[in-house]
Amino acid sequence: MTEMTESPRAMLQAVLREIVPDASLEGLGGSTDLRETFELDSLDFVELVERLGKRAGFRIEDDDADQLRTIDSATAFLARGSAAASR
């Protein structure tokens with residue numbers, strides 16, 4: 001059982017900074033495309049997905065990775081996944 005201790009947005013911010021040290025979500029709208037905004041290539045995005053899964057405490061399947069493309073969709077996905085993992 002996993003309990004999320006940080007908000008999905010804070011989690012996303014922290015993991016993004018591990019990959020792009022100067023990344024900041026501050027001032028960005030929810031529909032901001034993470035790959036475009038932070039110039040994440042395919043390998044960077046795979047790393048983002050893997051690190052988010054570890055930090056959130058649940059596995060993110062390859063088929064679900066597209067749900068992490070924007071800030072809003074990523075935070076919603078992380079919230080749902082963490083809630084399901086804590087059951």
Which pair of heavy atoms, one from [X] and one from [Y], lies closest together, and at what distance?
| X | Y | value |
| --- | --- | --- |
| Phe38 | Leu16 | CE1-CD1, 3.7 Å |
| Ala23 | Arg17 | O-NE, 2.7 Å |
| Gln13 | Leu25 | OE1-N, 2.8 Å |
| Thr32 | Leu28 | OG1-CB, 3.7 Å |
| Leu34 | Ala74 | CD1-CB, 4.4 Å |
| Asp72 | Ser31 | OD2-N, 4.3 Å |

Start with the C-alpha gap between Arg9 and Glu26, add the side-chain angles, then the distance that decides, and say whether salt bridge (charged side-chain N to carboxylate O under 4.0 Å, His left out) holds.
CA-CA 10 Å; Arg9 190 174 177 102; Glu26 194 166 324; over 6 Å; no
Measuring from [X]:[atom1] to [Y]:[atom2], what's the distance to the nearest 0.5 Å?
| X | Y | atom1 | atom2 | answer |
| --- | --- | --- | --- | --- |
| Phe45 | Asp66 | CZ | CG | 7.0 Å |
| Ile19 | Leu43 | CD1 | CG | 11.0 Å |
| Gln67 | Thr75 | CD | OG1 | 11.5 Å |
| Leu78 | Ile60 | CG | CD1 | 6.0 Å |
| Asp33 | Arg69 | CG | CZ | 4.0 Å |
| Met11 | Leu52 | CE | CG | 7.5 Å |

Looking at Asp41, I want to see if its CG is surrounded by more than 12 non-hydrogen atoms of other residues, nucleotides or ligands under 6.0 Å.
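Atom CG in Asp41 is packed in, count exceeds 12.
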Could you walk me through whether Val46 and Asp44 satisfy the side-chain contact (heavy atoms from CB on, under 4.5 Å) test, starting with their C-alpha distance in whole Å, then the side-chain angles of each, then the deciding distance to 0.1 Å, before giving a yes or no?
CA-CA 5 Å; Val46 167; Asp44 289 336; over 6 Å; no
Please determine if Arg51 and Glu47 form a salt bridge, counting it only when a charged side-chain N lies under 4.0 Å from a carboxylate O.
yes
Residues Arg59 and Glu50 bridged, charged N to O under 4.0 Å:
no
